[in-house]
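For reference, the structure discussed in these notes is given below.
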Amino acid sequence: MRTQVAIIGGGPAGLLLSQLLHVNGIDSVILERKTRDYVLGRIRAGVLEQGLVRLMEEAGCAGRMHAEGFSHDGALISYGSEMFRIDFAEHTGTPVLIYGQTEVTRDLYDAREKAGGRIEFEVDDVVIRDADTDRPHVQYTRNGTARRIDCEFVAGCDGFHGVSRQAIPLTVRREYEKIYPFGWLGVLSETPPVNHELIYANSERGFALCSMRNDHLSRYYIQCSLSDSPADWTDEAFWEELKRRIPKAQADTLVTGPSIEKSIAPLRSFVTEPMRWGRLFLCGDAAHIVPPTGAKGLNTAASDVHYLYNALREYYRDGSEAGIDAYSERALARVWKAERFSWWFSSLLHRYPDQSAFDLKMQLADLEFLRANKAAQQAMAENYVGLPY
Ligand code: APR
Ligand code: PHB
């Protein structure tokens, strides 16, 4: 098989890149380890920056997003007996869109299939060959049969546990990592959201988040121990703990119900440098991971895709290599800002096992300053709604 761009990974990054290349007349093939249904079964955050919305519009995939998504102009932060609002409209003039990332992925799959896009599902043994030459190729198996794709470029969109990152030699690759000493226990319930905007809660018992997918599907999280498993938490225990961590007014009006999904996610900050090696380009979780606090995972994958698809369009349309040569530096400049915001927001809201009394006072001072200072709120709002590409 031959294509211009071989894309490893059929998650949101790989799908968005493939569709944007397609609308610009550039051919690609996606190699995905799982089935489409398996990929769509992953529950992921639902806060989209305008940059991602614009990319979906460019890709011709934004119809359902605009019809079913909810525009949010602010979010709430609670601590102790306080709760205050960060007004995105006042500070940035930019909203965020509440729309499940699973739905983004579904819209992209539908668009690729409508366009006759080539997606190989249930592939195994993917190996990138000769990425440091101008004739790379990808070997893989499917149904036990060895296969090969000859291409001009390879996009590694295969997530944190993929193979693409490993194709960059350790002599070239630098990795940066921070593991957080807690996880997020998340519950999806067919109940009305407790509040029309998201509530991020710092409580003495730990972090909690009240989010939603739509007005009859709510998403809640509580910080939990890494030694916990979902089976350790009955629905009742989850709801009672959530109520202890959010303001009383919301705890008293919280509509509870059976969990239709319950899972625990570990938290990690991670960056690989560089994000390019020869004709291999890393995008999304293959190159970087953020704690979900700032909902920057998909939104940072989106800016990677923006830089890469424009670079490839420039190469094929103008014969210029300027964009592909600048890709890693451009992408990393925004990645590190998203890493910083996600780390800072996580430090602001979570209780850390080794926090000293002084550390707690610093966290409280940070919250007090954010509550009282418009400049601090503007800085937070600009990061939350998404820094420019
Ligand atoms: N071969 C082929 N496919 C692979 C391989 C492999 N060796 N390894 C992983 N994959 C596939 C996975 O099955 C998955 O569908 O690559 C895809 C990677 O998708 P994600 O992990 O969702 O990563 P990405 O597309 O970068 O999405 C970034 O989107 O869903 C949000 O918040 C989430 O941060 C994440 C962001
Ligand atoms: C979610 O709805 O899953 C969500 C929302 C905001 C976050 C993280 C997760 O910061």
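Each ligand, and each atom within it, is numbered from 1 in the order the structure gives. For clarity, every value in this text was computed on a predicted model and none was experimentally measured.
- Atoms CD1 and CZ, from Ile98 and Phe70 in turn, are 9.5 Å apart once rounded to the nearest 0.5 Å.
- Applying the side chain to side chain contact (heavy atoms under 4.5 Å, CB included) test to Glu382 and every residue at least two apart in sequence or in another chain returns Thr92, Gln378, Leu387.
- Between Asp359 and Arg351 no salt bridge is recorded (no basic side-chain N to carboxylate O distance below 4.0 Å).
- Take Lys361 and apply the side chain to side chain contact (heavy atoms under 4.5 Å, CB included) test, not counting sequence neighbours, and it matches no residue.
- Hydrophobic clustering (side-chain heavy atoms under 4.5 Å, transitive across Ile, Leu, Val, Met, Phe, Trp, Tyr) groups Trp239 together with Ile264.
- Summary of contacts: the protein heavy atom closest to atom 3 (O) of ligand 2 is Tyr221 OH, 2.6 Å.
- In terms of N/O distances under 3.5 Å, ligand 2 is not approached by Arg219.
- Against a heavy-atom cut-off of under 4.0 Å, Gly46 is close to the following atoms of ligand 2: 1 (C), 2 (O), 3 (O).
- Nearest to atom 10 (O) of ligand 2 among the protein's heavy atoms is Thr293 O, 2.6 Å.
- For atom 8 (C) of ligand 2, the closest non-hydrogen atom of the protein is Pro292 O, 3.3 Å.
- Taking 4.5 Å as the limit, some side-chain heavy atom of Val138 sits within range of a side-chain heavy atom of Val126.
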Checklist entry - Is there a side-chain contact (heavy atoms from CB on, under 4.5 Å) between Cys210 and Val194 once you walk through the steps? => result CA-CA 7 Å; Cys210 302; Val194 72; 3.8 Å; yes
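- In this structure, Phe270 and Phe160 have perpendicular ring planes: the angle between them is above 60°, well past the 30° mark.
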Side-chain donor-acceptor contacts of residues 37-50 below 3.5 Å, not counting sequence neighbours, with atom names and distances?
residue : atom : partner : partner atom : Å
Glu49   : OE1  : Arg334  : NH2          : 2.8
Glu49   : OE2  : Lys296  : NZ           : 2.6
Gln50   : NE2  : Pro95   : O            : 3.4

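- In terms of protein heavy atoms, atom 4 (C) of ligand 2 is closest to Ala45 CB, 3.8 Å.
- Ligand-side atoms of ligand 2 in range of Arg213: 1 (C), 2 (O), 3 (O), range being under 4.0 angstrom from any heavy atom.
- Applying the 4.0 Å criterion to heavy atoms of Leu198 picks out, from ligand 2, the atoms 5 (C), 6 (C).
- Shown in contact with Ala295 at under 4.0 Å from a heavy atom are these atoms of ligand 2, numbered in order with element: 7 (C), 10 (O).
- Atom 6 (C) of ligand 2 has as its closest protein heavy atom Tyr200 OH, 3.4 Å.
- Heavy-atom contacts of Val47 reach the following atoms of ligand 2: 5 (C), 6 (C) (cutoff under 4.0 Å).
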At less than 3.5 Å, what protein N or O atoms come close to the N or O atoms of ligand 1? Include the distances to 0.1 Å.
residue  : atom   : partner : partner atom : Å
ligand 1 : 3 (N)  : Arg33   : N            : 3.1
ligand 1 : 13 (O) : Glu32   : OE2          : 2.7
ligand 1 : 13 (O) : Arg42   : NH2          : 2.9
ligand 1 : 15 (O) : Glu32   : OE1          : 2.8
ligand 1 : 15 (O) : Glu32   : OE2          : 3.4
ligand 1 : 15 (O) : Arg42   : NH1          : 2.8
ligand 1 : 15 (O) : Arg42   : NH2          : 3.4
ligand 1 : 22 (O) : Arg44   : NH1          : 3.0
ligand 1 : 25 (O) : Pro12   : N            : 3.3
ligand 1 : 25 (O) : Ala13   : N            : 3.0
ligand 1 : 26 (O) : Asp285  : N            : 2.9
ligand 1 : 30 (O) : Arg44   : NH1          : 2.5
ligand 1 : 30 (O) : Gln101  : OE1          : 3.4
ligand 1 : 32 (O) : Gln101  : OE1          : 3.4
ligand 1 : 34 (O) : Asp285  : OD1          : 2.7
ligand 1 : 34 (O) : Asp285  : OD2          : 3.0

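- A side-chain contact (heavy atoms from CB on, under 4.5 Å) with Thr272 holds for exactly one of Gln166, Arg173, Arg174; it is Arg173.
- A heavy-atom separation below 4.0 Å is not found between Phe345 and ligand 2.
- Between Tyr327 and the choices Phe281, Tyr315, Tyr309, the ring pair (Phe, Tyr, Trp, His ring centres under 6.0 Å) rule is met once, by Phe281.
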Checklist entry - After noting the C-alpha distance and the side-chain angles of Phe345 and Tyr200, does the key distance pass the ring pair (Phe, Tyr, Trp, His ring centres under 6.0 Å) rule? => result CA-CA 10 Å; Phe345 205 30; Tyr200 291 85; 4.9 Å; yes
